[in-house]
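Have a look at the structure below, then the notes.
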Amino acid sequence: MATNTSPPVLRGKSTWKGKEQEQDFEDLNSTITYRHILQQNLGVRDPLRVVALCDSDAFYAACEMIRLGVKDKPLVVLQWEGIIAVNYPAREYGITRFHKLADAKERCPELMIVHVATYKEGEAEPGYWDKVDSRTHKVSLDYYRRESAKVLTMFKEGLPDAEIEKASIDEAFIDFTKPVRKELLRRYPHLANVPHDAPNGLDTPLPAPPKVDMALDSNVIPSEADDDTTWHDVALSIAAEMMHKVRVDIASKLGYTTSAGLARNKFLAKLSASYKKPYSQSVLRNCAIPNYLKPIPFQKIRFLGGKLGDALAKEYDVSTVQDLLPVTLEEMQHKFGENAIWVYEILRGIDRSEVKEKSIVNKSMLASKNLQKPITKASDGQHWIRVLAAELALRLNDACKANPNLWPKTLVIHARRGYEVTRSKQAPFPFSREVTVDLIANAGNKLWAELVGKDSGPMKVTNVSLAFTGIEVAEEGQQNIDGFFRADGQFSKRPRESETDGDSGTNAEPLEGDCTTSFSCSKCRRKISLSPTQTLGASLEEKNRALNNLRAEHEDFHFAQAVAREVEVEPEDITEKSVSPGGGKKRKRKDPAPVGIEKFFSRR
DNA sequence: CATTAGGTGAAG
DNA sequence: CTTCACAA
């Protein structure tokens, strides 16, 4: 499964010391002193650093097996005509992704085939249907996202002291350095006390480490010589114990088997995880790094799988790590500039990138649809935008259940015509407490018109996607000042709620009567009141809160109306200037008859 | 070799 | 703001 990554940008200055560089890999065998074990904040330089990469085996397939209560039977997950996941039993028949379904069935007649969940017209939620049709359905990966979240939660609960970085839907990096140091000092308390006769005080090397057997719960990646145990090995073995415990717990409680790699840094952890699969973990000792790394095709290394790796392969006409070791840093810098130091170090088993805990909520949320038959009419685009908007609304509102006050700062639309590059258009997304399908679809349609509307000719759009980006948890007071109001084709600040409601249009003018149960809207000249059930037994504070909610909802209503007026597009001739500024001749579809999916989704 | 439906982060 | 690169 793909991992989410960032390119190999340099973080800070390289500290590689030339020191004639007699040997590659010289950095792997530093002596560990009392200072090293007692100092807590060595970060990526910590000689006792231990990082793991743990990923779920054939994750989508495993999700379906658990959902269906299937065990140990060959199974593939289908997305339209393509196989997107193959469980391990099915792999024994030689089935892989990108096999044709017919081919896979031939290899294994009893193969179980599960199509991913889809949104289907007329259904409220994504589901698993007997018949799927890519012309009308849209894939939903939400089930996998939820299962992924369960696994991540078990990592966090099982390893409270560890730093955990979700790397993709089925992978996480775990930095064990802190919990391991703690356990190391608990098991070997003498390490905490520098002996009085220590020749160099804190900088005295630690006493000899105990013998540890890492093979109890892990595969130990072989080293050339049978090196003595080091303190880093002890650290690795403690981390391996912890990792193993959590993995077993996840397998027993959730049913997902995982594979993990443990090593001194992220890239080696990732590389080690694939040493043996499935349901297995592998440990790469420092002394084993050179031999493990040298024969590996460098393009398998994280960040070298793309253009940079290609460029390296082409430049030196080589393929393995070993092949690149003779290239000097200077030469590499000459050819590859800023990336050179990073590459140079990676080839020697050094990776200074940190395991960074990410926010629980994603920063973006994207719904996308490929059209096998390109769409040519603007109205088709609007149809799919509505479907995508419905999915985004469902997912965002769902995310809000666990994490209230989520607010996407921008809405982005992407479209691809034929085989051209994807183009996008974005605009600030208004704050509103209730994100509705209409709100998203209207804003999306507007962007759609800007993106493809002005181009002439038949459009032949082969992909449409809609995304929220910049999703954040709004701060307490932030909701009141932020929020945008679209006018004249631009979003502008839309002050909200009582303290800033100078021009909000819904001033709470305390008319006659109880100002804690009603307000009047200056925009539509209506008096809005709480219902009797909301006022009956409610305290003043409760009523005020309810009234504020009501006011905000009413404001959202006006906002949606305003956007709807602006966004209204002539479906048939979108190529003309049909988006009139300010909202000229508008008619039709004040509230179109709900069709398909959207009829069930929050139109509220 | 390739596809779909995602994500993140940086460059320009 | 928009595109690109990476991930398999």
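Lettering of chains follows the sequences in order, A, B, ..., and the numbering in each one begins at 1.
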A:Ser364 side chain N/O closer than 4.0 Å to the phosphate oxygens (OP1, OP2) of B:dT8?
yes

Nearest of B:dT3, C:dT3, B:dT8 to any side-chain atom of A:Arg97?
B:dT3

With a cut-off of less than 4.0 Å, is there a side-chain N or O of A:Arg423 near OP1 or OP2 of C:dT3?
yes

Rounded to the nearest angstrom, tell me the gap between atom CG in A:Leu141 and atom P in B:dA5.
8 Å

Expressed in angstrom and rounded to an integer, what is the separation of A:Gln79 atom CD from B:dA2 atom P?
18 Å

With A:Phe298, the side-chain contact (heavy atoms from CB on, under 4.5 Å) member among A:Thr320, A:Leu312, A:Leu293, A:Leu308:
A:Leu312

Can you say whether the rings of A:Phe59 and A:Tyr256 are parallel (under 30°), tilted (30 to 60°) or perpendicular (over 60°)?
tilted

Using a cut-off of less than 4.0 Å, is there contact between a side-chain N or O of A:Gln426 and OP1 or OP2 of C:dC1?
yes

Between A:Trp80 and A:His137, how do the two ring planes meet: parallel, tilted or perpendicular, split at 30° and 60°?
perpendicular

Whole-Å distance separating the CD1 atom of A:Ile413 from the P atom of C:dT3
13 Å

Partners passing salt bridge (charged side-chain N to carboxylate O under 4.0 Å, His left out) against A:Lys401 (at least two apart in sequence or in another chain):
A:Asp398

Per atom distances to the A:Glu391 side chain, the nearest of B:dA5, C:dA5, B:dG6 is B:dG6

Nearest to the A:Ser424 side chain among C:dT2, C:dA8, B:dT4, which nucleotide is it?
C:dT2

Are OP1 or OP2 of B:dT8 and a side-chain N or O of A:Lys363 less than 4.0 angstrom apart?
no

DNA chain B: 5'-proximal contact among A:Phe98 and A:Val361 (nearest heavy atom):
A:Phe98

Tell me whether the side-chain N/O atoms of A:Lys425 come closer than 4.0 Å to OP1 or OP2 in C:dT3.
no

Among the nucleotides C:dT3, B:dG7, B:dA2, whichever has the atom closest to the side chain of A:Arg395 is B:dG7

